[in-house]
Amino acid sequence: MTSPDALVRAATAGGVTTLTLNSPHNRNALSTPLMTQLLDGLAAAVADDAVRAVVLDHAGPVFCSGADLKETAAAYASGTVPAGMLGDVLAAVSECPKPVVARVAGPARAGGLGLIAAADLAICAQEATFAFTEVRIGVIPAVISATVLPRLRPRAAAELYLTGDTFDGQRAAEVGLVTTAVPLAELDAVVARYCDSLVRGAPGALAGAKQLLRRPTATDLRGELADLAALSTGYFLSAEGLEGVSAFREKRPASWVPGQ
């Protein structure tokens, strides 16, 4: 448990670490200190064998407003801007070997959308709003495109990137930015349900499944199938695979399920 005054609060229960963006005074803007603490929180969650999944949450009504423009303006004098660190954050979320779930109860803008797209699952309130506002301040959504564009349908990406228009949670689900949009009153229950499912997966298998999801499209189908068959055999013969099959046959929870 971290200090309640930290810019990113961390709390773990039931195998799930919740990292809460805790800078509501500036709408959880991605300042260098906040991103540093978020990276530290992710690293700690990865290093803790008791942690099986990570939830990205937020304090205050706004999930994340994107780059800290006050910090950015102050950095102009040096000829640099702090936006470069965002790439490290998006990579850490995307490459985390443990499933990451974004809980989005309120608005997200610009860089905040990159964070949502980097998560494996994103659950938002239907009432939440989103916008790629970069073009309206004379910049482009460059860094976040690495995580956002693989999620969005191409026509939707063109519309939303070029107009900067605001869209709601339902549209975010339709275009692939989030997994699902639910009424705000149901958000916590839905997030909890997903986390309950995630912690039932074997740690090694979850990490492997995440790598599989990032596997590039093969040009040699038979070669790819041979590689995947070998990969599958390795998992079936692993300690987790042997335990999982035994648990299924014996109609009991596997040893890795929290509380067993």
Side-chain angles (χ1 to χ4, degrees), residues 21 27-30 35 38 54-58 61-69 72 83-84 86-96 99-187 190-191 193-194 197-198 209-218:
L21 306 184
R27 302 184 301 163
N28 293 318
L30 295 169
M35 289 190 287
L38 181 53
V54 177
V55 172
L56 297 180
D57 199 355
H58 60 101
V62 176
F63 175 77
C64 177
S65 61
D68 185 334
L69 297 183
T72 298
L86 178 58
D88 295 331
V89 172
L90 299 184
V93 173
S94 180
E95 295 172 356
C96 178
V100 179
V101 180
R103 176 195 175 277
V104 185
R109 299 290 186 269
L113 303 188
L115 198 57
I116 291 169
D120 300 293
L121 302 174
I123 322 303
C124 79
Q126 292 171 345
E127 299 88 338
T129 62
F130 307 85
F132 296 95
T133 54
E134 286 87 348
V135 293
R136 297 194 176 188
I137 61 168
V139 298
I140 62 173
V143 176
I144 66 171
S145 289
T147 57
V148 167
L149 291 183
R151 302 289 190 194
L152 295 185
R153 292 190 285 105
R155 282 292 187 186
E159 173 200 346
L160 299 173
Y161 269 37
L162 297 175
T163 66
D165 286 345
T166 300
F167 55 104
D168 63 14
Q170 192 60 46
R171 181 82 196 284
E174 290 170 356
V175 300
L177 179 65
V178 302
T179 307
T180 189
V182 300
L184 180 59
E186 300 175 16
L187 181 61
V190 173
V191 170
R193 188 162 66 244
Y194 272 110
S197 295
L198 291 170
K210 289 194 60 168
Q211 291 179 341
L212 198 62
L213 288 166
R214 295 196 297 269
R215 193 179 179 97
T217 302

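Please read all numbers here as calculations on a predicted model, not as lab measurements. Every heavy atom of this structure was used, including side-chain atoms; hydrogens, water molecules and symmetry mates were not. Along the sequence shown, residues are numbered consecutively beginning with 1.
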Under a 3.5 Å distance rule, please check whether Asn28 uses its side chain to pair with a backbone N or O of Val62 as donor and acceptor.
yes

So which heavy atom on Ala181 is nearest to which on Gly169, and how close?
CB-O, 3.4 Å

Of the non-hydrogen atoms in Ala131 and Gly164, which two are nearest, and what is the gap between them?
CB-O, 3.9 Å

Please assess Val54 against Val93 for the test side chain to side chain contact (heavy atoms under 4.5 Å, CB included), listing each intermediate value before the final yes or no.
CA-CA 9 Å; Val54 177; Val93 173; over 6 Å; no

Quick one: are Phe167 and Leu177 in side-chain contact, heavy atoms under 4.5 Å?
yes

What are the two closest heavy atoms between Ser94 and Arg214, and how far apart are they?
O-NH1, 3.1 Å

Beyond-backbone contact of Val175 with Phe130, side-chain heavy atoms, under 4.5 angstrom:
no

Side-chain contact, heavy-atom cut-off 4.5 Å: Leu90 with Ile144?
yes

Quick one: side-chain hydrogen bond (donor to acceptor under 3.5 Å, both in side chains) partners of Thr179, sequence neighbours excluded?
none

Is the closest side-chain heavy-atom distance between Lys210 and Cys96 below 4.5 Å?
yes

Heavy-atom pair with the smallest gap, counting every atom of Val182 and Glu127:
O-OE1, 4.1 Å

Step through the shown structure and confirm whether more than 12 heavy atoms of other residues, nucleotides or ligands are within 6.0 Å of CZ on Arg155.
no

Please confirm whether the backbone N or O of Ala105 pairs with a side-chain atom of His58, one donor and one acceptor, at under 3.5 Å?
yes

Does atom CG (Leu184) have a neighbourhood of more than 12 heavy atoms from anything else shown, all under 6.0 Å?
yes

Quick one, Leu115 with Leu56, criterion side chain to side chain contact (heavy atoms under 4.5 Å, CB included). Give me CA distance, side-chain angles, the key distance, then yes/no.
CA-CA 9 Å; Leu115 198 57; Leu56 297 180; 4.1 Å; yes

If we only count heavy atoms from C-beta on, is the Leu30 to Cys64 side-chain gap below 4.5 Å?
yes

Roughly how far apart are Gln126 CD and Arg171 CZ, rounded to 0.5 Å?
15.5 Å

If you look only at pairs with a residue in residues 135-150, which of them pass as a side chain to side chain donor-acceptor pair (under 3.5 Å), with sequence neighbours excluded?
Arg136-Asp165, Ser145-Tyr161

Drop me the distance from Phe132's CZ to Thr163's OG1, to the nearest 0.5 angstrom.
10.0 Å

Taking only residues at least two apart or on different chains, which pairs with a member in residues 103-119 satisfy side chain to side chain donor-acceptor pair (under 3.5 Å)?
Asp57-Arg103, Arg103-Asp188, Arg109-Thr129

What is the distance from atom CZ of Arg193 to atom CD of Glu186, rounded to the nearest 0.5 Å?
8.5 Å

Between the side chain of Arg151 and the main-chain N/O of Ile116, is any donor-acceptor distance below 3.5 Å?
no

Closest non-hydrogen atom pair, Ala110 against Gly66
CB-CA, 4.3 Å

Looking only at non-hydrogen atoms, find the nearest pair between Leu149 and Ala157 and report the distance.
CD2-CB, 3.9 Å

Atom pair CG (Leu198) and CG (Asp120), whose distance is rounded to the nearest 0.5 Å
8.0 Å

